[in-house]
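Quantities reported herein were computed from a predicted structural model and do not represent experimental measurements. For the numbers below, each heavy atom of this structure counts, side chains included, while hydrogens, waters and symmetry mates do not. When a ligand or atom number is given, it counts from 1 through the structure's own listing order.
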Amino acid sequence: MNQHARVDAQPIPFIDVAAQRRRLGTAIDEATRRVLDHCQFLMGPEVTAFESQLAAFCGAKHAVSCSSGTDALIMVLMAKGVGRGDAVFCPTFTFCATAESVALVGATPVFVDVHADTFNIDVHSLKSAIATAKAKGLKPKAVIPVDLFGLPADHDAVAGIVDAEKLFVLDDAAQGFGGTYKGRAVGTFGLATATSFFPAKPLGCYGDGGAILTDDDELLAVLKSVRVHGGGSDKYDNVRLGLTARLDTIQAAVLIEKLKIFRDEIEARNEVAARYNQALKDVVTVPVVPDGYGSVWAQYTIRLAPGRRDALAKALSVEGIPTAIYYAKPLHKQTAYSDFPVAETGLPVSERLAEEVISLPMHAYLDEATQDRIVDAVRRALR
Ligand SMILES: Cc1ncc(COP(=O)(O)O)c(C=O)c1O
């Protein structure tokens with residue numbers, strides 16, 4: 001490994017979308033060209049083909065594609081009639097869209113703490129949050145566990161509480177689609193799973209996109225209605241409130257090509273993560289994948305004692321190595337969400353994580369030489 005900083009070195013991308021594009025060659029150009037030729041820009045044949053392939057990928061019965069991961073969450077909540085007076089439980093250590101979807105349908109997000117080692121929902125805190133909601137006169141309706149950074153939540157533990165309380169699970173797998181838990185694929189836990197095809201996601205398209213996975217036939221029918229203005233027997237028969245929330249046919253065509261190499265990319269991401277873990281475990285707290293879990297590594301997130309990460313980020317940036325902080329503020333500390341209830345036992349783990357986490361470049365095309373450059377720079381900066 002190098003002993004000295006390489007200030008003149010080429011900048012490294014945080015996520016290398018261009019490398020994937022090179023690998024796919026002309027496949028995506030040809031797929032999008034076919035859409036430009038047939039001109040069915042909405043609900044074209046690629047949309048239904050992609051939905052079947054996505055459902056088959058994870059073993060769900062149905063997939064409903066839509067306009068974004070946020071809309072996927074909103075659509076399920078709308079389809080289930082979640083609204084004013086209802087409590088929906090979600091981690092505070094997540095991207096804002098998890099709780100935003102709840103607030104946008106008029107329900108109340110109630111914030112739950114996470115485990116420090118997995119970054120995912122802690123069911124002891126969930127129990128406390130349910131008690132908080134009841135004490136405030138809210139009706140507990142649903143839990144949105146999040147498969148943060150690509151690692152599935154502890155879905156069995158969540159199901160235990162959800163069943164006892166007669167709630168439903170809407171899994172937020174915007175970062176976790178492609179992961180596995182105890183032999184089952186993400187996309188098959190709870191009533192429904194929402195995912196995102198934002199370009200930087202493990203399975204991303206070339207714009208905004210999302211999908212819902214479910215085994216529930218009734219929910220499927222309502223989701224399809226919500227997706228296009230609450231249509232009934234035809235699109236001018238409006239039986240409920242809905243959205244304009246379709247996935248563009250061009251994006252479906254892109255995703256069909258990307259799905260073909262997704263398993264291979266997940267393997268490559270796991271190799272990158274294993275190399276990082278091996279090379280950094282003696283200098284930082286590296287991420288943990290519990291036995292029986294498979295991560296898709298949407299992020300590779302390390303932890304440092306509070307107060308140390310800014311200097312690391314600065315030192316890496318000088319060498320052209322980008323980092324990111326997911327998330328510097330848990331949602332209950334964000335202006336837009338600070339009035340919503342939190343688990344009565346508090347959210348101390350999330351608050352600590354917000355001061356400790358920093359993510360390093362992670363994607364399926366991070367070659368060993370580039371990774372060594374990152375590792376070398378991290379180790380030097382922390383010496
Ligand atoms: C955990 C989580 N939930 C929801 C979303 C929303 O997805 P989208 O950006 O496609 O609306 C994201 C996207 O960043 C996310 O990371």
Restricting to ring pair (Phe, Tyr, Trp, His ring centres under 6.0 Å), what partner residues turn up for F50, sequence neighbours left out? F197
Within ligand 1, which atoms have a heavy atom of [X] less than 4.0 Å away?
X: T70; value: 6 (C), 7 (O), 8 (P), 11 (O)
X: A97; value: 4 (C), 5 (C), 6 (C)
X: S68; value: 10 (O), 11 (O)
X: S196; value: 7 (O), 8 (P), 10 (O)

Give the residue, atom name and distance (to 0.1 Å) of the protein heavy atom nearest atom 16 (O) of ligand 1. Q175 NE2, 2.9 Å
Shortest protein heavy-atom distance from atom 14 (O) of ligand 1, along with the residue and atom involved: K201 NZ, 2.7 Å
For a ring pair (Phe, Tyr, Trp, His ring centres under 6.0 Å) with F149, tell me which candidate from Y293, F95, F119 qualifies. F119
Between G69, S67, C205, flag the one that comes closest to atom 8 (P) of ligand 1 by a heavy atom. G69
Check: of L148, D172, T94, min heavy-atom distance to atom 3 (N) of ligand 1 comes from D172
Side chain or backbone, does D208 bring an N or O within less than 3.5 Å of an N or O on ligand 1? no
Report the part of A174 (side chain from C-beta onward, or backbone N, CA, C, O) that has a heavy atom under 4.0 Å from ligand 1; answer both or neither where that applies. side chain
Beyond-backbone contact of E265 with R23, side-chain heavy atoms, under 4.5 angstrom: yes
Taking the six-membered ring of F57, is NZ or CZ of R263 closer than 6.0 Å to its centre and within 45° of its axis? yes
Donor-acceptor pair between D147 and H155 side chains, under 3.5 angstrom: yes
Does a donor on one side chain and an acceptor on the other come within less than 3.5 Å for K258 and Q20? yes
Qualifying residues under side chain to side chain contact (heavy atoms under 4.5 Å, CB included), relative to V283, sequence neighbours excluded: L280, R379, L382
